[in-house]
There are 2 protein chains.
Amino acid sequence: MAWDTARTRRLLLEAAVEEFAEHGPQGARVDRVAARAGVNKERIYQYFGGKRQLFTAVLEAELARVAGAVPLTAEQMADLGEYAGRVFDYHCAHPHFLRLLAWEGLEDGRTGVAAEDERAAHYAGKVAAFAAARENGLLTAEVEPAHLVYAVYALATWWFTAPQVVRMIMAGAGDDSPAARRAGLVRMVRRLTASAEDRSGDGSAHA
Amino acid sequence: MAWDTARTRRLLLEAAVEEFAEHGPQGARVDRVAARAGVNKERIYQYFGGKRQLFTAVLEAELARVAGAVPLTAEQMADLGEYAGRVFDYHCAHPHFLRLLAWEGLEDGRTGVAAEDERAAHYAGKVAAFAAARENGLLTAEVEPAHLVYAVYALATWWFTAPQVVRMIMAGAGDDSPAARRAGLVRMVRRLTASAEDRSGDGSAHA
DNA sequence: CAAATCTCCAACTGATCAGTTGGAGTATGG
DNA sequence: CCATACTCCAACTGATCAGTTGGAGATTTG
């Protein structure tokens, strides 16, 4: 049978995403990654170099996936609430990513940030789109575009980043389903980003 | 000289806060905690039981501190933007806490949440205060009170939770000082929480 | 088909670290 | 002033784990 090194590599990377998302760069066990992949752990050193590099590879792979998955089109720009909703949906469906990001944040300073240039460019694009929308009157001028970008991501993702706190906050509330969370998120982002003209309406002008 | 066991305990706890905030429950080293405290590590097992229990003790101690530090008074309730600003200020001054919380969030599910009942009650109090303010017309009725509580904390704390992402988002922006961040935060929370009457004004009615 | 190369793996190594132990020093109570 | 109990510590132990090695088998190439 022909060798399929690409498959072995892919199996290892998939296993590593799970392992690192679950346990973080410290808690992840190289042996477990190999076992999950059904491959000898020595392959990790051949293909990736070591645990550290494997983590970076995992982060870069997931970063690439997420960047393409939730694009910010001109249409999205007209209703940022719905855009935030889609970001929320993505992370509901792929809970690994924000865990990896959280671990990266906690390691921040100790090690460099993966793929920093591409990511910086990615976010610069978002900020530029927000700034353009503000020029066109689609977006409030009361708040800095960069701060609005911050708010959209903060509101869309904090559910996943501090799940234990969210659970306690929502404990009393009646409906705490993902759908209810999403609806609240969409409404909040609309309120936050709506321009003055839109705001004169009923607050759900975009619906 | 008289024994001062309380002091030894306190030294260990302070050292442990630093160590756990920096490296997390996995990465923290018992030997390092003892060295920082200038105490033999065996004391940790006598006073706290073990690494795990020490982490819980650390979390509970910090939780107690933060709960008292940023109260939500009736006066605060009238300007939630400023309340969010004070939460932000606290975490600027005490960066340990949110790191501990982030680690707790990542461990969520694997181990129980520390002091869950007190904390749940704490957040229930916030939600109740928001609900009351809504009745009084101080707060928008468009969004669930619990979701507004979520938003205030998400917006006030995400700076610290995903510092690497925030850095990239803010890269282009001119002024990215803590003061600028705080100002943006205050304005956003006001926009988000203002009731319909307030919103008819210029958006900074609370200033 | 033989030499060179690649894939795979079990077993090993050396370092690290949580947790323990035994004993020496120090206060306290009778 | 002695018995008891508490405080402190250096050295040890056993487990875990990242990373290595040497070799067995499969594949390619000339």
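This is a predicted model, so every value here is computed, not measured. Proteins get letters first, then strands, A, B, ... in listed order; numbering begins at 1 in each.
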Q.
Rounding to an integer number of Å, can you tell me how far A:His23 NE2 sits from D:dC17 C1'?
A. 14 Å
Q) Are B:Arg182 and B:Glu82 ion-paired here, with the side-chain N under 4.0 Å from a carboxylate O? A) yes
Q) Going through the distances and angles, do A:Arg99 and B:Leu106 end up as a side-chain contact (heavy atoms from CB on, under 4.5 Å)? A) CA-CA 7 Å; A:Arg99 292 179 63 87; B:Leu106 286 167; 4.1 Å; yes
Q. Are OP1 or OP2 of D:dT7 and a side-chain N or O of B:Thr8 less than 4.0 angstrom apart?
A. no
Q) Could you give the CZ-to-P distance, from B:Arg9 to D:dC6, as a whole number of Å? A) 16 Å
Q. Of A:Gln26 and A:Gln46, whose nearest nucleotide on DNA chain D comes first from the 5' end?
A. A:Gln26
Q) Between B:Arg32 (CZ) and C:dC17 (P), how many Å, whole number? A) 7 Å
Q. Step by step, would you call B:Leu54 with B:Tyr47 a side-chain contact (heavy atoms from CB on, under 4.5 Å)?
A. CA-CA 9 Å; B:Leu54 181 59; B:Tyr47 288 147; over 6 Å; no
Q) How close or far is atom P of D:dT16 from atom CZ of B:Arg29, stated in whole angstroms? A) 15 Å
Q | First encountered from the 5' end of DNA chain D, between B:Asn40 and A:Asp31 | A | B:Asn40
Q) Hey, is the side chain of A:Tyr47 poking within less than 4.0 Å of OP1 or OP2 on C:dC6, counting only N and O atoms? A) no
Q.
Between A:Thr140 and B:Arg191, do the side chains contain a donor N or O and an acceptor N or O under 3.5 Å apart?
A. yes
Q) Quick one: A:Arg43 CZ to D:dA18 P, roughly how many Å, whole number? A) 18 Å
**Q.** Distance below 4.0 Å between B:Tyr45 side-chain N/O and D:dC9 OP1 or OP2
**A.** no
Q.
Base of D:dG19, side chain of A:Lys51 - is there a donor-acceptor contact under 3.5 Å?
A. no
Q: Give B:Ala28 one of three labels, base, sugar-phosphate or nothing, depending on what nucleic acid heavy atoms sit under 4.0 Å from its own.
A: sugar-phosphate
Q. Quick one: which of B:Arg36, B:Lys51, B:His23 gives a side chain to side chain contact (heavy atoms under 4.5 Å, CB included) with B:Arg29?
A. B:Lys51
Q) Atom CG of B:Leu11 and atom P of D:dC9: how far apart are they, to the nearest Å? A) 12 Å
(Q) Which is more 5' along DNA chain C, the nucleotide nearest A:Lys41 or the one nearest B:Glu42? Just name the residue. (A) A:Lys41
(Q) If you only use heavy atoms from C-beta on, which nucleotide in C:dA18, C:dC8, D:dA18 is closest to the side chain of B:Val30? (A) C:dA18
